[in-house]
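Since the structure comes first, as structure tokens, the remarks are kept for the end.
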Amino acid sequence: MTSARRTLPDHTTARDTGHVPALDGLRGVAVLGVLLFHSDLLVGGFLGVDLFFVLSGYLITGALLREIAGRGGVSLAAFWSRRARRLLPALAAVLVVVPVAVLAVGSPQEQATTRADGPWVQLNLLNWHLLAQEASYWQRFGAERPFGHLWSIAVEEQFYLVWPVLLLGVAAVARRGGPRAGTSIAVLAPALAIGSLALMIMLFDPADPTRVYTGTDTRAFSLLLGAFSATPVARAAVARTAAHRGGTSAAAATAVLAVALGVSWALVDGQQAPGLFTGLLFAHALASAALISLCVHQPDRLVARALAMAPLRYLGRISYSLYLWHWPVLVLLSAQRTGLDGPVVTALGWLVSMALAVATTHLIEDPIRFRADWARGRSGALACAAVMACLALWWPVLEWVAPGPAPVDVSRLG
């Protein structure tokens, strides 16, 4: 787990280890696409989730490879502690507030599914629970599932649990004279990504592609392609491209990729595009990974500068909380419930979602993530355990407060 070597991997630059504003902007674009999709305003906006996955794979793997280069290994406890500080506080707030709101104004069906889905959200297994319930993604999980969108958070969390362990094993082999960790990951990540694509093609059901769209095994390729783009091998290839002809070729490629992704979001209907699940979704993830890498290496070019604009960056900053809140808000502030029509109810849902996301980011996420000393080390682990225990007790309390409907005695019918 430790090593005297402190150098960074080959081809690592300051912008690889520092903050890249364009990536914040890409987060903003991703969450905006999802909001437009769930508001029935952008048919391919669901691809924003794919962009989130690729970004996560890139950023997490880059950080882990830098840790391996500096320490010779990965501290799993430290990694998972950072992930808990980043993800758990806002999620816990949503898991407490949304059921209360559903209890106040939701239908009996919404109350029942919220109580049933909540524990699986807490366990980061919601995608598998929804698949077991045969809940179709392409029906937006039905208006009765306020937590339905959190399947993607479960996929990312499962990746965060497994991927660092694999990298730790790779680092251990490298210390014993095997291939360098970065080079090994550059082989492992695309190999696993191709395996994930093969599973998607084999398991694809044209009648309802939900299984391959929300399954961790069949969606892992997006995260893995992002991981590959963070390796020294991929960074070296991008650096050579960025240096060719003074960077004009790379700048043109970046613009083409951005336009191609935009067109796909505008035109691709997931339920009516079977090719999406036999290669096009993989191609979208690959294009997203290339766009991310080029923006990192050419932050002063047009596309990266456009993505680094302040509104998009701020949207990216609050994107996690905004993603958590937006679907429950849209469900509970539906046209049927509010009596409002079309653009008015959509605008209301967006305003409430944004307000909740801003408040959660600045009052919960950022203080705990950056400034709370008690959230680190042993006290942080105890706080995390306490939150998880309280949430585990929360679901029986909800069941007691709002029990499900009494069963019907069919023996008396007729």
Side-chain angles (χ1 to χ4, degrees), residues 9 11-34 47-66 152 155-156 159-160 163 182 185-186 189-190 192-193 196 219-243 247 249-265 280-309 312-313 315-317 319-320 323:
H11 309 290
T12 298
T13 65
R15 61 175 66 104
D16 291 317
T17 57
H19 181 71
V20 181
L23 299 191
D24 285 337
L26 276 175
R27 285 195 194 94
V29 170
V31 76
L32 183 60
V34 174
L47 292 169
V49 171
D50 196 54
L51 180 54
F52 271 128
F53 285 166
V54 179
L55 269 168
S56 295
Y58 175 83
L59 293 169
I60 290 300
T61 304
L64 290 171
L65 286 176
R66 289 193 295 274
S152 63
V155 170
E156 288 202 31
F159 177 77
Y160 296 152
W163 187 238
I185 295 301
L192 293 175
S196 175
R219 291 311 308 279
F221 61 73
S222 297
L223 291 146
L224 290 164
L225 290 175
F228 169 74
S229 64
T231 63
V233 172
R235 285 202 305 273
V238 173
R240 287 193 297 270
T241 302
S249 298
T254 305
V256 169
L257 287 169
V259 171
L261 292 179
V263 170
S264 68
W265 288 25
L280 291 181
L281 195 57
F282 187 92
H284 178 274
L286 193 60
S288 298
L291 179 61
I292 290 166
S293 296
L294 288 168
C295 285
V296 168
H297 279 80
Q298 291 193 318
D300 56 341
R301 295 291 182 169
L302 179 62
V303 173
R305 290 205 313 270
L307 289 169
M309 291 188 299
L312 278 179
R313 288 206 320 271
L315 198 58
R317 180 181 174 188
S319 60
Y320 176 58
Y323 186 84

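Values below: all heavy atoms of this structure, side chains included; hydrogens, waters and symmetry mates excluded. Just so it is clear, the model here is predicted, and its values are computed rather than measured.
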Has the side chain of [X] got a donor or acceptor atom that lies under 3.5 Å from a matching backbone atom of [Y]?
X: Ser293; Y: Ala290; value: no
X: Gln298; Y: Ala304; value: no
X: Arg27; Y: Phe52; value: no

At what distance, to the nearest 0.5 angstrom, does [atom1] of [X] lie from [atom2] of [Y]?
X: Leu280; Y: Leu47; atom1: CG; atom2: CG; value: 10.0 Å
X: Asp50; Y: Ser152; atom1: CG; atom2: OG; value: 11.0 Å
X: Leu51; Y: Ser222; atom1: CG; atom2: OG; value: 9.5 Å

Problem - Evaluation steps, side-chain contact (heavy atoms from CB on, under 4.5 Å), between Leu286 and Val54 - result: CA-CA 8 Å; Leu286 193 60; Val54 179; over 6 Å; no

Check: [Y] and [X] side chains under 4.5 Å, non-hydrogen atoms:
X: Leu294; Y: Val238; result: yes
X: Leu291; Y: Leu26; result: yes
X: Leu307; Y: Asp24; result: no
X: Leu65; Y: Pro232; result: yes
X: Phe53; Y: Ser288; result: no

Handout entry: Mutual orientation of the aromatic rings belonging to Phe221 and Phe282 [parallel < 30°, tilted 30-60°, perpendicular > 60°]
Key =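 Taking Phe282 first and then Phe221, their aromatic rings sit tilted (interplane angle of 30° to 60°).
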
Exercise for the section: Take Leu224 and Phe159 through the test side-chain contact (heavy atoms from CB on, under 4.5 Å) and record every step on the way to the result. Expected result: CA-CA 9 Å; Leu224 290 164; Phe159 177 77; 4.2 Å; yes

